[in-house]
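Only heavy atoms go into these numbers, but all of them, side chains included; no hydrogens, no water, no symmetry mates. In what follows, chains are A, B, ... by sequence order, proteins preceding strands, each numbered from 1.
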Number of protein chains: 2
Amino acid sequence: MRQGQISTTGHALLGLLSFAGEVSGYELKQLADRTLRFFWVSPAMSQVYSELGTLDRAGLVEAREEAANGPRPARRYRLTPAGEEELRRWLAQSDVGFPVIKHGVALRLFLGHMVSPDRMEEMLQRYTEQLEGRTAELAQIREGLGDDPAYRYAALVAEWGQRYYREEAEAVQVVLEALSRPRT
Amino acid sequence: MRQGQISTTGHALLGLLSFAGEVSGYELKQLADRTLRFFWVSPAMSQVYSELGTLDRAGLVEAREEAANGPRPARRYRLTPAGEEELRRWLAQSDVGFPVIKHGVALRLFLGHMVSPDRMEEMLQRYTEQLEGRTAELAQIREGLGDDPAYRYAALVAEWGQRYYREEAEAVQVVLEALSRPRT
DNA sequence: TGTAGCATGTAAGCCGTTACATGATTGA
DNA sequence: TCAATCATGTAACGGCTTACATGCTACA
């Protein structure tokens, strides 16, 4: 029942459970891949399991054992009242750091004096393609949310993400143009 | 002389040394705070020192001991030819992952169904202010770079960053407006 | 005289990943 | 019958942070 030692990712999983009702570790990971991935990090499968263990020991989630078909039990987890309380407390009190970005493309552009122009252009082009892929994924997710008020906030975040990807694509075009101009 | 075990942050520091000439660990950290921080992560002081140790043992940087004023020697590091080679190799060959964002504001917006409207608005307002601060910092850095071709790429990254902060601020305004409208 | 900045490091520990281990079910 | 997907976990380790330890110099 000790707390304060739950990580942000732990709280994020708690948050997913507040939507999801009762899910297995496996399903929780899939949900994270469709949501958290876009604005946080989708934890590895193994971390989902270990985090659920921690949350369970802290009394913040509850496991229900299903008919074990195999050597290990099949568990489904749901939020406990204490878990919901902790989540609300964390949302109300934790301090919100400025976003941290690990942007490999920007890092390599910054070190452009050591990269061949061809490689640089290829990298930026590839990033543009990846952005298109992500935009498409996110558009599909946004569509799936519809205008159901239950997903109001998820929809806002998805729209924010789409905006961001669009802007990134434009910024990359600006960089490509600047690079194609001979330097003064 | 073993390599392939240098982390991305290690390579980023190698990259900073390719600009900086010869610097102390302390100066390298300061440089990282003015550059890496905006698109990667500025490593903790202690990590700068341990990373320099690793790079030294790998022959990628070279330390020159200065008159030790105190119990510990004062070291200044510079890139070796092997270090420059490794940096070029890494830039040419390493695969560039899609950027990873840990966006605490978006995470909390996503969980908006558990946050009071007041707290949410306060959080978004605060983020706007932080964005203004960052924008000002970055504007100053961009100015300092001038149009010196040596800082061509740094300038491009700084401009990209400014664009990004501006867009984030606009996106937050859109969210605030959406939240202030009564839901359908 | 005390505090901020310059300066270098070690130790402990958290967060998270990859690799490994195991097995059932479903469909091509 | 083979591969993919569902499903649950352990072990080892990397990367990074915070806390701690130490001491000089300049300045208010």
S.K.: Report the distance from atom NE2 of B:His11 to atom P of D:dG15, rounded to the nearest whole Å.
M.R.: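 Those two atoms, NE2 and P, are 11 Å apart.
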
S.K.: Which of these nucleotides, C:dG9, D:dC16, D:dT8, is closest to any side-chain atom of B:Tyr49?
M.R.: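 Nearest to the side-chain atoms of B:Tyr49, counting from C-beta on, is C:dG9.
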
S.K.: Can you tell me the distance, in whole Å, between the CD atom of B:Gln5 and the P atom of C:dT18?
M.R.: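 Between P of C:dT18 and CD of B:Gln5: 18 Å.
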
S.K.: Apply salt bridge (Lys or Arg N to Asp or Glu O under 4.0 Å) to A:Arg134 and list each qualifying residue two or more places apart in sequence or on a separate chain.
M.R.: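 For A:Arg134, no residue satisfies salt bridge (Lys or Arg N to Asp or Glu O under 4.0 Å) once neighbours in sequence are set aside.
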
S.K.: CZ of A:Arg57 versus C1' of D:dG9: gap in Å, rounded?
M.R.: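 Distance check: A:Arg57 CZ to D:dG9 C1' gives 13 Å.
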
S.K.: Taking salt bridge (Lys or Arg N to Asp or Glu O under 4.0 Å) as the definition, give me every residue that meets it alongside A:Glu85, ordered by chain and number, with sequence neighbours left out.
M.R.: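 Partners of A:Glu85 by the salt bridge (Lys or Arg N to Asp or Glu O under 4.0 Å) criterion come out as none, since no residue qualifies.
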
S.K.: For B:Lys102 and C:dG16, is the shortest distance between a side-chain N/O and OP1 or OP2 below 4.0 Å?
M.R.: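 It does, given that an N or O in the side chain of B:Lys102 lies less than 4.0 Å from OP1 or OP2 of C:dG16.
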
S.K.: Please state how far atom CD in B:Glu51 lies from atom P in C:dG9, giving the value in whole angstrom units.
M.R.: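 Taking CD of B:Glu51 and P of C:dG9, I get 14 Å after rounding.
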
S.K.: Show me the protein contacts with nucleotides 18-21 of chain D, counting only N or O atoms at under 3.5 Å.
M.R.:
residue : atom : partner : partner atom : Å
D:dT18  : O4   : B:Ser46 : OG           : 3.0

S.K.: For a quick test of your reading: what N or O donor-acceptor pairs under 3.5 Å do the side chains of residues 45-55 of chain B make, sequence neighbours left out?
M.R.:
residue : atom : partner : partner atom : Å
B:Ser50 : OG   : B:Ser46 : O            : 3.4
B:Ser50 : OG   : B:Gln47 : O            : 3.2
B:Thr54 : OG1  : B:Ser50 : O            : 3.1

S.K.: Near DNA chain D, which residues from residues 15-36 of chain A have a heavy atom under 4.0 Å away?
M.R.: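 Residues of residues 15-36 of chain A under 4.0 Å from DNA chain D: A:Ser24, A:Gly25, A:Tyr26, A:Gln30.
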
S.K.: When the distance from CG of B:Leu52 to C1' of C:dT10 is rounded to whole Å, what number comes out?
M.R.: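 For the pair B:Leu52 CG and C:dT10 C1', the rounded distance is 16 Å.
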
S.K.: With sequence neighbours excluded, give me every salt bridge (Lys or Arg N to Asp or Glu O under 4.0 Å) pair touching residues 35-46 of chain A.
M.R.: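 Counting only pairs at least two positions apart or across chains, the salt bridge (Lys or Arg N to Asp or Glu O under 4.0 Å) contacts touching residues 35-46 of chain A are A:Arg37-A:Glu137.
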
S.K.: So, is A:Arg75 close to the D:dG9 phosphate, meaning a side-chain N or O under 4.0 Å from OP1 or OP2?
M.R.: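 Yes, within the criterion.
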
S.K.: Can you sort out the partners of B:Arg163 under side-chain contact (heavy atoms from CB on, under 4.5 Å), two or more places apart, ordered by chain and number?
M.R.: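 side-chain contact (heavy atoms from CB on, under 4.5 Å) list for B:Arg163, sorted by chain: A:Glu167, A:Glu170, A:Ala171, A:Val174, B:Arg166.
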
S.K.: Checking B:Arg34 now: which residues fulfil salt bridge (Lys or Arg N to Asp or Glu O under 4.0 Å) with it, not counting sequence neighbours?
M.R.: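 For B:Arg34 there are no salt bridge (Lys or Arg N to Asp or Glu O under 4.0 Å) partners, ignoring immediate neighbours.
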
S.K.: Could you work out, with salt bridge (Lys or Arg N to Asp or Glu O under 4.0 Å) as the rule, every residue matching A:Asp33, not counting sequence neighbours?
M.R.: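 For A:Asp33 the salt bridge (Lys or Arg N to Asp or Glu O under 4.0 Å) partners, ignoring immediate neighbours, are A:Lys29.
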
S.K.: For B:Glu66 and C:dC6, give me the distance from atom CD to atom P, rounded to whole Å.
M.R.: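 The answer, rounded to whole Å, is 16 Å.
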
S.K.: Angle, rounded to 10°, between the helical axes spanning five pairs at each terminus of the helix from C:dT1-D:dA28 to C:dA28-D:dT1?
M.R.: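 Here the local axes at opposite ends form an angle of 30°.
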
S.K.: Would you list the pairs meeting ring pair (Phe, Tyr, Trp, His ring centres under 6.0 Å) in which at least one residue belongs to residues 106-144 of chain B, sequence neighbours left out?
M.R.: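 Pairs touching residues 106-144 of chain B that pass the test: A:Phe19-B:Phe110, A:Phe19-B:His113, A:Phe39-B:Phe110, A:Phe98-B:Tyr127, B:His103-B:Tyr127.
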
S.K.: Please classify the nucleic acid contact of A:Ser42 as base, sugar-phosphate, or nothing, using heavy-atom distances under 4.0 Å.
M.R.: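 The answer is sugar-phosphate, as A:Ser42 gets under 4.0 Å only of primed atoms, P, OP1 or OP2.
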
S.K.: Do NZ/NE/NH1/NH2 and the carboxylate oxygens of B:Arg88 and B:Glu84 come within less than 4.0 Å?
M.R.: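 Salt bridge: yes.
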
S.K.: Under 4.0 Å from OP1 or OP2 of D:dG14: is there any side-chain N or O of B:Ser7 that close?
M.R.: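 So the side-chain polar atoms of B:Ser7 never come under 4.0 Å of the phosphate oxygens OP1 or OP2 of D:dG14.
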
S.K.: Tell me, please, which residues at least two apart from A:Trp40 pass ring pair (Phe, Tyr, Trp, His ring centres under 6.0 Å).
M.R.: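 Partners of A:Trp40 by the ring pair (Phe, Tyr, Trp, His ring centres under 6.0 Å) criterion come out as none, since no residue qualifies.
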
S.K.: Do A:Glu62 and A:Arg64 sit within salt-bridge range, that is, some charged N less than 4.0 Å from a carboxylate O?
M.R.: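 Looking at A:Glu62 and A:Arg64, the cut-off is not met.
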
